[in-house]
Amino acid sequence: MNDNGQDQETKQLNLFRQVFGKADGSSDLSNVLMFWDSIPKYSVGLRQQSRMRDKSGKLPTVTHTFHYQGEECRVEITPAYIQDPTGEDIAYYPAATEELIEDILRKFLLDASLGSMVEGQGNEPQTLVRFSLKMIQRELRRIGKTRSIREIKHALDVMVKSTLKIKRGKNRAHSDSILSSLTMVSREDLETDPDAMCCAYFARPITQAIHSLAFRQLSYGRMMQHDSQLARWLFRRLSYLYINASLTNTHTIKFSEINTESGLLHHKRKLDRVKAMRRALSELVDSNTLYNFKENHELSGRTIKDYVFTLFPHHDFVSMMKAANARQKHIREAAAAGRIGSHMRRHI
């Protein structure tokens with residue numbers, strides 16, 4: 001990557017860092033990456049993994065279908081194999097803890113002293129983040145999602161060693177890890193200096209999202225107030241789909257859509273999955289994301305074919321969307337003024 005290319009990447013990363021307005025404090029904001037965050041890569045929970053493992057600790061590759069901008073997409077998740085204290089290799093899919101840590105590392109990326117774009121293999125840009133395990137642990141504690149250092153190290157290993165094979169529409173499939181590489185401090189260094197710095201490279205689709213400006217402002221702090229993974233998933237999804245939120249403009253979602261796209265509803269009985277969705281929507285009400293929601297049914301004869309939820313936004317969420325829209329306008333103006341490459345404009 002030449003100097004002009006480096007300057008280009010720096011401008012795009014700076015736009016990624018610039019956030020508009022305050023949600024719950026100056027450190028509350030981050031970004032949603034529209035395509036990357038549509039991938040149901042954290043959908044197999046630890047309990048489900050325990051049921052799926054064979055006697056030797058192995059897990060199969062799992063496949064999920066999802067949709068993005070009207071295109072059918074697919075992800076195949078190959079588990080990581082992590083050595084347990086007895087020396088056995090046990091398979092793990094990325095799950096809720098890995099998702100939390102990815103969000104935290106992406107939050108760190110907004111700090112210019114921690115994140116940067118560097119030249120990778122074949123002169124392709126890569127996104128680098130620097131952190132310590134203690135930094136992650138402190139942030140998890142701050143947002144009420146406490147994990148031990150051992151759990152954090154384990155999650156980082158899963159993020160590096162598991163593989164996602166992603167196919168979007170008719171495009172050729174490509175494989176990535178959530179973190180493409182990781183430089184971790186040794187156990188000895190950690191014992192003497194728990195704040196020793198590590199570094200990791202994000203997956204290529206994350207760099208591509210920054211490069212093509214395919215991101216949108218997200219209230220990280222508000223999202224992290226939710227206890228359930230499904231409620232956080234819904235909040236993230238609304239943050240890039242419900243962009244015209246207003247007190248007079250409702251939004252409609254269907255159970256069938258969320259059941260397919262999230263991959264997070266695992267109950268065998270459909271009614272139990274619907275109940276889990278109601279609980280997640282109630283969390284959004286409790287967090288002042290929604291003022292309320294109303295449920296209706298699509299019928300086939302006397303049988304309920306689908307559950308339809310009409311969402312009424314809280315004025316807090318409306319304010320978040322207005323700030324995010326102002327930020328998107330700023331990015332478009334930066335593109336139009338030529339402050340970023342013209343070849344990026346079609347992605348905005």
Side-chain angles (χ1 to χ4, degrees), residues 32-69 71-84 88-103 105-106 147 151 154-182 202-206 208-209 228-234 236-237 254-270 272-274 276-277 280:
V32 57
L33 312 177
M34 278 81 87
F35 175 67
W36 176 253
D37 287 332
S38 296
I39 303 171
K41 51 193 175 291
Y42 298 110
S43 57
V44 188
L46 294 180
R47 288 183 182 178
Q48 189 179 7
Q49 292 180 40
S50 295
R51 292 193 295 268
M52 292 171 63
R53 282 193 193 93
D54 64 20
K55 292 181 180 179
S56 63
K58 294 180 180 179
L59 287 168
T61 295
V62 295
T63 302
H64 294 291
T65 299
F66 63 103
H67 297 82
Y68 180 71
Q69 294 182 342
E71 289 185 313
E72 184 172 286
C73 308
R74 187 180 72 247
V75 61
E76 296 177 5
I77 307 172
T78 301
Y81 281 85
I82 310 294
Q83 195 172 81
D84 71 6
E88 295 292 324
D89 286 335
I90 306 298
Y92 294 91
Y93 302 120
T97 297
E98 287 76 17
E99 183 175 36
L100 290 169
I101 290 176
E102 185 202 328
D103 281 320
L105 294 179
R106 280 162 51 176
R147 300 292 192 276
E151 289 172 317
H154 179 275
L156 289 167
D157 280 343
V158 172
M159 294 166 78
V160 173
K161 294 177 181 178
S162 56
T163 304
L164 309 176
K165 186 176 181 181
I166 304 163
K167 189 175 190 308
R168 178 177 174 182
K170 296 181 180 179
N171 296 329
R172 199 164 70 183
H174 69 274
S175 296
D176 258 303
S177 296
I178 297 164
L179 297 177
S180 62
S181 69
L182 172 68
F202 284 107
R204 182 173 50 180
I206 291 180
Q208 290 171 338
S228 74
Q229 195 177 358
L230 181 59
R232 294 193 295 272
W233 184 90
L234 284 166
R236 194 193 307 265
R237 188 172 178 85
K254 292 186 176 183
F255 164 77
S256 58
E257 170 196 350
I258 305 307
N259 188 47
T260 300
E261 301 298 320
S262 73
L264 294 170
L265 294 167
H266 300 301
H267 298 89
K268 290 184 178 180
R269 294 174 65 238
K270 182 178 180 179
D272 289 335
R273 281 177 272 144
V274 173
M277 186 166 170

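Keep in mind it's a predicted model, so treat the numbers as computed, not measured.
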Check: [X]/[Y] side-chain N/O donor and acceptor closer than 3.5 Å:
| X | Y | result |
| --- | --- | --- |
| Tyr42 | Glu102 | yes |
| Gln229 | Glu99 | yes |
| Arg147 | Thr97 | yes |

Point-to-point distance, once rounded to the nearest 0.5 Å, from [atom1] of [X] to [atom2] of [Y]:
| X | Y | atom1 | atom2 | answer |
| --- | --- | --- | --- | --- |
| Asp176 | Thr163 | CG | OG1 | 9.0 Å |
| Ser256 | Arg273 | OG | CZ | 11.0 Å |
| Lys254 | Glu261 | NZ | CD | 13.0 Å |
| Thr63 | Lys167 | OG1 | NZ | 13.0 Å |
| His64 | Leu164 | NE2 | CG | 10.5 Å |
| Leu182 | Leu156 | CG | CG | 5.5 Å |

Can you see which heavy atom on [X] is nearest to which on [Y], and at what distance?
| X | Y | answer |
| --- | --- | --- |
| Ser43 | Ser262 | CB-O, 3.8 Å |
| Arg204 | Ser175 | NH2-O, 4.3 Å |
| His267 | Ala276 | CE1-CB, 4.2 Å |
| Tyr81 | Gly57 | CE2-O, 4.3 Å |
| Ser162 | Ala80 | N-CB, 3.5 Å |
| Val62 | Val44 | CG2-CG2, 4.3 Å |

ask   = If you measure from the Lys or Arg side-chain nitrogens to the Asp or Glu carboxylate oxygens, is any gap between Asp37 and Arg106 under 4.0 Å?
value = yes

key: Check ion pair Arg237-Glu257 (N to O, under 4.0 angstrom)   = yes

ask   = Do Arg53 and Tyr92 meet the cation-pi criteria used here (NZ or CZ under 6.0 Å from the six-membered ring centre, within 45° of the axis)?
value = yes

ask   = Which word best sums up how the rings of Phe35 and Tyr68 line up, parallel for under 30°, tilted for 30 to 60°, or perpendicular for over 60°?
value = perpendicular

How about [X] and [Y]: do any of their side-chain heavy atoms sit closer than 4.5 Å?
| X | Y | answer |
| --- | --- | --- |
| Arg168 | Glu71 | yes |
| Thr65 | Thr260 | no |
| Arg236 | Asp103 | yes |
| Lys165 | Val75 | no |
| Gln48 | Arg51 | yes |

query = Just wondering, more than 12 heavy atoms not from Lys270 lying within 6.0 Å of its NZ?
reply = yes

request  = For the pair Ile101 and Glu98, evaluate side chain to side chain contact (heavy atoms under 4.5 Å, CB included) and give the outcome as yes or no after the intermediate values.
outcome  = CA-CA 5 Å; Ile101 290 176; Glu98 287 76 17; 5.8 Å; no

task = Please say which of Ile166, Ile178, Ile77 ends up in a side-chain contact (heavy atoms from CB on, under 4.5 Å) with Ile39.
result =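 The residue from Ile166, Ile178, Ile77 that satisfies side-chain contact (heavy atoms from CB on, under 4.5 Å) with Ile39 turns out to be Ile166.
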
task = Let me know which of Asp157, Ile206, Val160 forms a side-chain contact (heavy atoms from CB on, under 4.5 Å) with Leu179.
result =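 With Leu179 as partner, side-chain contact (heavy atoms from CB on, under 4.5 Å) holds for just one option, Val160.
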
Residues Lys41, Met159; criterion side chain to side chain contact (heavy atoms under 4.5 Å, CB included); working and verdict = CA-CA 10 Å; Lys41 51 193 175 291; Met159 294 166 78; over 6 Å; no

task = Decide side chain to side chain contact (heavy atoms under 4.5 Å, CB included) for Thr78 and Tyr93; before the verdict, give the C-alpha distance in whole Å, the side-chain angles of both, and the deciding distance to 0.1 Å.
result = CA-CA 7 Å; Thr78 301; Tyr93 302 120; over 6 Å; no

inquiry  = Apply salt bridge (Lys or Arg N to Asp or Glu O under 4.0 Å) to residues Lys161 and Asp89 and explain how you reach the verdict.
reply    = CA-CA 12 Å; Lys161 294 177 181 178; Asp89 286 335; over 6 Å; no

task = List the steps, then state whether salt bridge (Lys or Arg N to Asp or Glu O under 4.0 Å) holds for Glu72 with Arg74.
result = CA-CA 7 Å; Glu72 184 172 286; Arg74 187 180 72 247; over 6 Å; no

query = Do any N or O atoms from the side chain of His266 and from the backbone of Gly263 form a donor-acceptor pair under 3.5 angstrom?
reply = yes

